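Reading through the structure tokens given below for one structure.
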4 protein chains.
Amino acid sequence: MNGEEKKPVIDKRQKIMEAAVVVFADKGFYNSTVADVARSADVADGTIYLYFKNKDDLLISIFEHSMEMFIGTVRGELENIDNPRDKIRKFITLHLQLVQKHQNLAQVIQIELRQSSKFMKEYANEKFFEYLSLIQGVIEEGKEQGLFRASADPVILKRAIFGAVDEMALEWVLMRKKRYSIEEAADQLSDMFIRGIALL
Amino acid sequence: MNGEEKKPVIDKRQKIMEAAVVVFADKGFYNSTVADVARSADVADGTIYLYFKNKDDLLISIFEHSMEMFIGTVRGELENIDNPRDKIRKFITLHLQLVQKHQNLAQVIQIELRQSSKFMKEYANEKFFEYLSLIQGVIEEGKEQGLFRASADPVILKRAIFGAVDEMALEWVLMRKKRYSIEEAADQLSDMFIRGIALL
Amino acid sequence: MNGEEKKPVIDKRQKIMEAAVVVFADKGFYNSTVADVARSADVADGTIYLYFKNKDDLLISIFEHSMEMFIGTVRGELENIDNPRDKIRKFITLHLQLVQKHQNLAQVIQIELRQSSKFMKEYANEKFFEYLSLIQGVIEEGKEQGLFRASADPVILKRAIFGAVDEMALEWVLMRKKRYSIEEAADQLSDMFIRGIALL
Amino acid sequence: MNGEEKKPVIDKRQKIMEAAVVVFADKGFYNSTVADVARSADVADGTIYLYFKNKDDLLISIFEHSMEMFIGTVRGELENIDNPRDKIRKFITLHLQLVQKHQNLAQVIQIELRQSSKFMKEYANEKFFEYLSLIQGVIEEGKEQGLFRASADPVILKRAIFGAVDEMALEWVLMRKKRYSIEEAADQLSDMFIRGIALL
DNA sequence: TATGAATGAGTGTTCATTCAT
DNA sequence: AATGAATGAACACTCATTCAT
């Protein structure tokens, strides 16, 4: 009768993806069974196939869905900042924070999907490139404003920055006893990269 | 009795590992079968179990064996250099060159081994930490000599540098049409990191 | 209230059976899903279970319904004929014509239903025996009238005649490029059988 | 050391086919599981896949193997006979006898394979046509010798004869309480067909 | 009546591992 | 040491059937 009834159940597709993230993060994609995911999502095995073509599709769907969220968040935050130096710092901080907040998700994306040649080779990874191009944009902006070295190659450095930040995030996620804070890491990385591509 | 017997067969263990590297790089660890490896190594399926405890052990053995080679090579080269700045440049260049030279191996180590949280979690990865500590040592050396910023945290930055270099290498290996040379990448990275941690 | 309501929907049970015939003829009973049939009949999966106990029951219903039609048609036509020789010719011609006219149906009955010993064993096939007995009746009639050999055993020969005609029909249905007409086949068969059981 | 050791175990492929015939005859192809066959053959499930590509291939292999035996036997027997009339009688008798002797096999071939549109459509059935052509040859021979009617079409009648004999065989195999003997059936059929295509 | 989302038992097939030779 | 046939546990996926709406 009223708005409350519109979505009496949370989107089941979403529910399955969330359960899968936990399972995959825990046991790894190849060592998880579809039955594991189903049990964790509290649905029948067959139900998963109503929402996903197959097990691979489930992983890829998680990836795409998450990357959209990541990209949206990062892009939104960067828009409010003018200085490319601050943008780089923000980007790094945000990436680490997001990873911290969504640890299981980060683990699945980084380890289970991005690391798999099967997926990297067979599946054209547009979302990932979109994310990378955010960094490239910032570097180019800085070069145009005369803040960054003309010799800095945005195509190469975007990947280097991503690699560094992502590796930090990976370590941080896998580390049981945290030896440093996300903030420290963000500062160290930001300082290094900003100095590294600064004009002087 | 004569020369023929010197190395009648190359070490069969080695032969299997080399074949496995090719197979795993091509199809991925989880999508390769022990029979695939056996066929490629031109031995019987069962023979593999004379040299390796199981399929996982084969992957780990490849990793340890390769890391030893990597570490030995890098450590040897760095010993001949005095200036920590040059050492960083050398480290970066060498890592990229080694990856270029051993593409299949690099792919397996990077992608297939790191792929699974199973391996990252269950298998204490000493060789990897040893490799990382090489970078850390160089940074500490540079700080002691007053060449690098005191504020630079070697524990954090070793991982960042590794992450950046490794990501570049990964991209380079997976890229079909190479858009830049290993040398360019090495220069870009070296310039950035050296400036990034330099005193001024 | 008005003409529109006379047959607002063709009997839905009939509609499902007709759709099923097409689907089963195309893909085979065991390789067709209930969902296939439902889609083809333009009803929901569950609706099928309002009209049929289960998938098997659907097949058997098709069979019974068709056999009733077959038997009715054949019996009606034979009634108008006096001479047992002509009756045999009519029977053969009619069977082949009916198969030609209802190819999908014929295929399902012949192939898919007989296919499984499950059906042949578990399901007492009264309609089929009724059909067979039509032939037997004609032979007996001919023997009584002294037209057919006394040595001809109607119990055995009814089955032989049916087998021959049905095999011809099966071939004809499965043949893509028709190499002979139904009429030719009917003549050849009729000539053979009539001579075969004739007195002289 | 001697000939006894040549085949210490009966060909395992053969063993599996024989077990499968029993299982398929009992429960039907689609209602039998590979595990059923394995258990019956006293091998592991996986073993079946060392000898057959998949479950379908097992059925087809049974068919081809049996048809070769059938064809060989029939062809051999017919060679010793001169008169085409006697050849037809022999063919009919032999077919019925073979079916009687290999009841399970006959059931599988007739019902499970030949009756399945899936197999009839997808699998070009050379052995079956070879068998049919044996009959055709006999009819043509009889026509050349002036024993059979010129108006008899061998292409059509070979199928009719086969259909009649096969239907008799099917009935006989499925009949629990035998109401007539194989010999009676063979005589009835032979008499009918020989008279049916005879010159006078 | 009709729907179609959900179920979960069932199965073909794969493949790491063993072991008799 | 080496083989490769055999094993059988494991798993992704399908689909007949049900039932809340």
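Reminder, nothing fancy here: chain letters follow the sequence lines and each chain counts from 1. Nothing here was measured: the structure is a model prediction, and the numbers come from that model.
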What integer distance in Å separates [X]:[atom1] from [N]:[atom2]?
X	N	atom1	atom2	result
A:Lys27	F:dC11	NZ	P	8 Å
B:Ile48	F:dA1	CD1	C1'	15 Å
D:Leu58	E:dT11	CG	C1'	15 Å
D:Ile16	F:dT7	CD1	C1'	13 Å
B:Lys15	F:dA1	NZ	C1'	13 Å

Legend entry - Base-pair map of DNA chain E as dot-bracket, where | denotes pairing with a different strand and pairs are Watson-Crick or G-U under 3.5 Å: .||||||||||||||||||||

Inset, instruction - Could you tell me which residues satisfy salt bridge (charged side-chain N to carboxylate O under 4.0 Å, His left out) with A:Glu18, sequence neighbours excluded, listed by chain and number? - result: none

Inset, instruction - State whether B:Lys12 places a side-chain N or O below 4.0 Å from either non-bridging phosphate oxygen (OP1 or OP2) of F:dA1. - result: no

Considering only distance and modelled atom types, tabulate donor-acceptor pairs under 3.5 Å from the side chains of residues 33-40 of chain A, sequence neighbours left out.
unit_1: A:Thr33; atom_1: OG1; unit_2: A:Ala35; atom_2: N; d: 3.4
unit_1: A:Thr33; atom_1: OG1; unit_2: A:Asp36; atom_2: N; d: 2.9
unit_1: A:Thr33; atom_1: OG1; unit_2: A:Asp36; atom_2: OD1; d: 3.3
unit_1: A:Thr33; atom_1: OG1; unit_2: A:Asp36; atom_2: OD2; d: 3.2
unit_1: A:Asp36; atom_1: OD2; unit_2: A:Lys27; atom_2: NZ; d: 2.9
unit_1: A:Asp36; atom_1: OD2; unit_2: A:Thr33; atom_2: N; d: 3.0

Legend entry - Counterpart residues, side chain to side chain contact (heavy atoms under 4.5 Å, CB included), relative to D:Asn104 (two or more places apart): D:Val21, D:Val22, D:Ala25

Inset, instruction - For D:Ser66, check side chain to side chain contact (heavy atoms under 4.5 Å, CB included) against everything at least two apart and list the hits. - result: D:Ile62, D:Leu105, D:Ile109

Inset, instruction - Hey, can you tell me if A:Phe70 and A:His102 have their rings parallel, tilted or perpendicular (30° and 60° cut-offs)? - result: tilted

Legend entry - C:Glu68: side chain to side chain donor-acceptor pair (under 3.5 Å) partners, not counting sequence neighbours: C:Lys127

Run the side-chain donor-acceptor check on residues 41-49 of chain D: report pairs under 3.5 Å with partners two or more places apart or on a different chain.
unit_1: D:Thr47; atom_1: OG1; unit_2: D:Ala44; atom_2: O; d: 3.4

Inset, instruction - Using a heavy-atom cut-off of under 4.0 Å over every strand shown, decide if C:Tyr51 touches base, sugar-phosphate, or nothing. - result: sugar-phosphate

Inset, instruction - Report yes or no: is the cationic atom of B:Lys15 (NZ for Lys, CZ for Arg) closer than 6.0 Å to the six-membered ring centre of B:Tyr51, at no more than 45° off its axis? - result: no

Legend entry - Under 4.0 Å protein heavy-atom contacts per nucleotide of nucleotides 13-21 of chain F, with B for base, S for backbone only and - for none: BBSSBB---

